[in-house]
Number of protein chains: 2
Amino acid sequence: MSIMRLDGGLTQPVVRRLNALRQLSETATAAFDKTIRRRVLHAGAGETLISEGERPDRIRVVLAGWLSRYKLLEDGRRQIVNFILPGEMCDAFSYLLPRSDHSIDTLTPVVFSEIEREPFEELIASDRSLMEALWCTSLVDGSIQREWAVNIGRRDALERVAHLLCEVFERLKLVGLVEGNSCAFPVTQMDLADASGLSIVHLNRTLQELRAAGLIILRERMLTINDLDALKDAGLFNPTYLPYLR
Amino acid sequence: MSIMRLDGGLTQPVVRRLNALRQLSETATAAFDKTIRRRVLHAGAGETLISEGERPDRIRVVLAGWLSRYKLLEDGRRQIVNFILPGEMCDAFSYLLPRSDHSIDTLTPVVFSEIEREPFEELIASDRSLMEALWCTSLVDGSIQREWAVNIGRRDALERVAHLLCEVFERLKLVGLVEGNSCAFPVTQMDLADASGLSIVHLNRTLQELRAAGLIILRERMLTINDLDALKDAGLFNPTYLPYLR
DNA sequence: CGTTTAGTTGACCGTGCTCAAGGGGCGTGG
DNA sequence: CCACGCCCCTTGAGCACGGTCAACTAAACG
C-alpha cells in the first residue's frame with residue numbers, strides 16, 4: 001500500500017452515494033471531500049484489510065475496486081456476506097465494537113481512503129445531515145445483509161444468482177459504474193459461489209443457464225445484462241430494500 | 001394492544017443488554033428507564049407490528065416475548081432473518097430510512113415500549129455512552145445478520161440448527177432468561193424452519209437427530225441443552241460475533 | 001516451457017425437498 | 001359431553017437439486 005495522488009473524479013462515487021441518502025450541503029460535501037483526500041491508499045488484489053477478531057480502529061472508504069466481506073468456518077468453508085463496491089464504506093462506526101466479526105479482502109486492486117477515528121468523529125459532529133447519511137449507509141448495509149439471508153435461504157440457484165447480479169448492477173449504477181447495460185464485474189466464479197452459497201461447479205452451470213436463456217453475457221470480467229427486467233423477474237428482485245432506488 | 005402497568009423487573013433485560021455494550025451512568029440509566037416506561041404496550045401472538053414498505057416512525061423495545069424479523073417472496077416463501085428477544089430493539093434508528101425493508105411479527109404475546117422519534121433523539125443526545133450503546137445494538141444486529149448468512153449458506157442442516165440454538169441460548173442468557181441449562185423456547189418448528197432456511201419436514205428430522213444425539217431436549221416450548229459445549233461443537237459456534245460474550 | 005489459476009464438463013451421489021397421510025392437543029360450537 | 005376443525009408435530013416414500021470428485025482446456029505468468 002502506498003500514498004498516491006488523487007484525480008478529482010475519485011471521490012465522486014462516495015459523494016453520489018451519500019447524496020442519494022441525504023441531501024448534503026456544499027460545505028458538508030467539501031469537508032467530507034477534504035477529509036477523504038487526506039490519506040488515500042491503494043492495495044493489490046487478494047490482500048486482507050482486516051481479519052475477524054481484530055480491533056477496527058479506522059474507517060475506510062472505497063474509491064475504486066471491489067472487496068469482499070466474508071467469514072470462514074474452521075474447516076475452510078467460506079461465506080462472502082457482502083461485496084464492498086466503489087463509494088461504499090468498509091467499516092463505518094464499527095470502531096464502536098471491540099473487534100470485527102468478519103474479515104475483508106480485496107478482490108481487485110483497490111484505492112481507498114483511510115480515516116482515523118478522531119477526525120471521523122469530528123467530521124460527523126460538524127454536520128447533521130452528513131452524520132445521518134453515514135448512519136444510513138450502515139443501515140442500508142443491514143438491509144442488504146437481510147436480503148442476502150433471504151437470497152441464500154429461500155431462493156433456488158437460478159433465482160439466487162440472478163438476484164445477486166441485479167443487486168450488484170443497481171449498486172454500481174448508483175455510483176455511475178454502469179454504462180448502458182454493461183459493467184465491470186471483476187470477480188471469479190469462486191467468489192460468486194461463496195457469495196451465493198453454492199458450490200463452484202453448480203454456480204458455473206447456473207451462469208451458463210442464465211447465458212443460455214439470453215439474460216446475461218459474462219466474460220472477461222465484464223457483465224452485460226441483456227434484459228434487466230427479465231433478469232429481475234428471474235431473481236424475484238424487489239428493490240424495496242435499496243432505499244436509494246426510485 | 002393496550003397500555004398496562006409495569007412492575008420494576010420488566011426493564012431489566014434492556015438495561016442489562018445496554019450495560020454489556022457500554023457502561024451506563026446511573027443518571028443515563030434512569031433517564032432511559034423513564035423514557036421506556038412512558039408508553040408500554042402489549043400485543044398478542046401473531047400480530048404484525050410493521051410491514052415491508054411501511055415508514056418506520058417510532059422505536060420499539062421488547063420487554064417480554066419473542067418476535068420475528070422476516071421477508072416474504074412473491075410466492076409466499078418466507079425467510080426469518082432474525083428473532084427479536086426480550087431486551088432487544090425492533091427498529092433503533094431505522095426511522096432514518098424512508099421505509100422498512102422487512103416485516104416484524106410477534107411470535108408470542110409481547111410486552112414492548114414504544115418511543116416516538118423526538119423523545120428518542122432527545123434521549124440519545126443527552127448522554128454519549130447511552131447513544132453509543134444504542135448504536136452498538138444496531139451494529140450487533142449487523143454482526144448477527146452476517147452470521148445468519150454464513151449459517152444458511154455454508155452449514156449443513158444439523159450444524160445450522162445447532163448453531164441457531166446456541167446463539168439464541170446465549171442471547172437469552174445475557175438478559176437473564178436462562179435458568180440452569182434451560183430456557184423458554186416459544187417458537188413453532190415452522191418458525192425454526194423459516195429461520196434456518198430448511199423445509200419444515202427436514203427441520204423436524206434434524207431436531208430429532210439432535211435429540212437422539214442427547215444434545216438437546218425440546219418439548220412443550222422449553223429448550224434444555226444437555227451439553228452446551230458439545231452443541232457448540234456440533235454447530236461450529238464461534239461467539240466472536242457476539243461482542244457482549246466473554 | 002512448466003506452473004498456476006480460472007473456467008468447463010461428465011458422472012455419480014446424497015442431502016434435503018415434496019407430497020401425502022396420520023396423530024395428538026386444544027378450543028369451539030352443537 | 002362429544003364432534004369437529006385447526007394447528008402443530010411426525011413419519012414414509014420418492015425424487016431432484018445441488019454437491020463431490022475427477023479430468024481437461026485455456027489463459028496468464030514466470
Side-chain angles (χ1 to χ4, degrees), chain A residues 44-47 66 68 73 75-80 105-109 151-164 184-212 216-223 234, chain B residues 44-46 66 68 73 75-80 105-109 151-164 184-212 216-223 234-235:
Chain A
E47 290 185 28
W66 288 37
S68 69
L73 299 187
D75 60 4
R77 277 175 282 178
R78 179 178 71 149
Q79 178 67 45
I80 292 181
D105 275 10
T106 58
L107 294 172
T108 68
N151 204 35
I152 298 168
R154 285 297 182 232
R155 280 190 263 255
D156 68 27
L158 193 84
E159 295 166 342
R160 223 182 278 188
V161 177
H163 189 280
L164 181 61
F185 205 85
V187 294
T188 65
Q189 293 192 0
M190 173 146 175
D191 296 326
L192 281 180
D194 283 346
S196 54
L198 296 170
S199 71
I200 188 171
V201 172
H202 200 67
L203 177 98
N204 178 287
R205 290 180 169 131
T206 306
L207 282 179
Q208 289 180 52
E209 212 177 326
L210 287 170
R211 283 191 274 244
I216 64 164
I217 300 166
L218 177 57
R219 61 160 193 269
E220 289 162 18
R221 307 283 122 111
M222 187 65 117
L223 170 69
Chain B
W66 287 35
S68 69
L73 299 187
D75 60 6
R77 277 175 281 178
R78 179 178 70 147
Q79 178 67 45
I80 293 182
D105 274 11
T106 57
L107 294 172
T108 67
N151 204 36
I152 298 168
R154 284 300 182 230
R155 279 189 262 256
D156 70 25
L158 194 81
E159 296 165 340
R160 219 181 280 188
V161 178
H163 189 281
L164 181 62
F185 205 87
V187 294
T188 66
Q189 294 192 1
M190 174 148 175
D191 296 325
L192 281 180
D194 284 345
S196 53
L198 296 170
S199 70
I200 188 171
V201 172
H202 200 67
L203 177 99
N204 178 287
R205 290 179 170 133
T206 304
L207 282 179
Q208 289 180 52
E209 211 177 324
L210 287 170
R211 283 192 273 244
I216 63 163
I217 300 165
L218 178 57
R219 62 159 194 268
E220 287 163 18
R221 304 286 122 111
M222 186 65 114
L223 170 68

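Sequence lines set the chain letters: A, B, ... in the order given, protein chains first and strands last, and positions in each chain run from 1.
Contacts of Gly46(B) with the nucleic acid, taken as non-hydrogen atoms under 4.0 Å apart, are absent. As judged by a 4.0 angstrom heavy-atom cut-off over every strand, Thr188(B) is placed among residues touching the sugar-phosphate backbone only.
Side-chain N/O atoms of Arg221(B) include one lying less than 4.0 angstrom from OP1 or OP2 on dC9(D). Listed pair Arg211(A) / dT8(C) meets the phosphate criterion, a side-chain N or O lying under 4.0 Å from OP1 or OP2. Look at Gln208(B) and you won't find any side-chain N or O under 4.0 angstrom from OP1 or OP2 of dC9(D). A sub-4.0 Å separation between OP1 or OP2 of dT5(C) and a side-chain N or O of Gln189(A) is absent.
If you check distances only, the side chain of Arg160(A) never reaches the base of dG18(D) with a donor-acceptor pair under 3.5 Å.
Here the nucleotide nearest the side chain of Ala157(B), chosen from dT20(D), dT11(D), dG16(C), is dG16(C). Closest contact between the side chain of Val201(A) and the listed nucleotides dG7(C), dT9(C), dT18(C) involves dT9(C). For Arg205(B), the listed nucleotide lying nearest its side chain is dT18(C); candidates were dT18(C), dG7(C), dT9(C). You'll find that the side chain of Asn204(B) is closest to dT10(D), out of dT10(D), dG7(C), dG18(D).
Rounding to whole angstrom units, CD1 of residue Ile200(A) and P of dT5(C) are separated by 13 Å. In this structure, Arg219(A) places its CZ atom 13 Å from P of dA27(D), rounding to the nearest Å. At whole-Å resolution of the value, CD in Glu159(A) and C1' in dG18(D) are 14 Å apart. Atom P of nucleotide dG25(C) and atom CD of Glu220(B) are separated by 10 Å, given to the nearest angstrom. Distance CE (Met190(B)) to P (dT18(C)): 12 Å, rounded to an integer number of Å. Rounded to an integer number of Å, the gap from CG of Leu203(A) to P of dT9(C) is 13 Å. To the nearest angstrom, P of dC9(D) lies 8 Å from CG of Leu192(B). Going from atom CG of Asp75(B) over to atom P of dT18(C) covers 11 Å, rounded to whole Å.
Only one option out of Asp194(B), Ile80(B), Val187(B) pairs with Ser68(B) in a side-chain contact (heavy atoms from CB on, under 4.5 Å); it is Ile80(B).
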Check against side chain to side chain contact (heavy atoms under 4.5 Å, CB included), Leu223(B) and Ile217(B): CA-CA 6 Å; Leu223(B) 170 68; Ile217(B) 300 165; over 6 Å; no
CA sep, side-chain torsions, deciding dist, call: Asp156(A), Arg77(B), salt bridge (Lys or Arg N to Asp or Glu O under 4.0 Å): CA-CA 11 Å; Asp156(A) 68 27; Arg77(B) 277 175 281 178; 5.3 Å; no
Salt bridge (Lys or Arg N to Asp or Glu O under 4.0 Å) between Asp105(B) and Arg78(B), intermediate numbers included: CA-CA 12 Å; Asp105(B) 274 11; Arg78(B) 179 178 70 147; 5.3 Å; no
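Residue-to-nucleotide proximity on DNA chain C shows that, of Leu207(A) and Arg154(A), the 5′-proximal contact is made by Leu207(A).
Between Arg154(A) and Asp75(B), none of the side-chain N atoms (NZ, or NE/NH1/NH2) sits under 4.0 Å from a carboxylate O, so this pair counts as no salt bridge.
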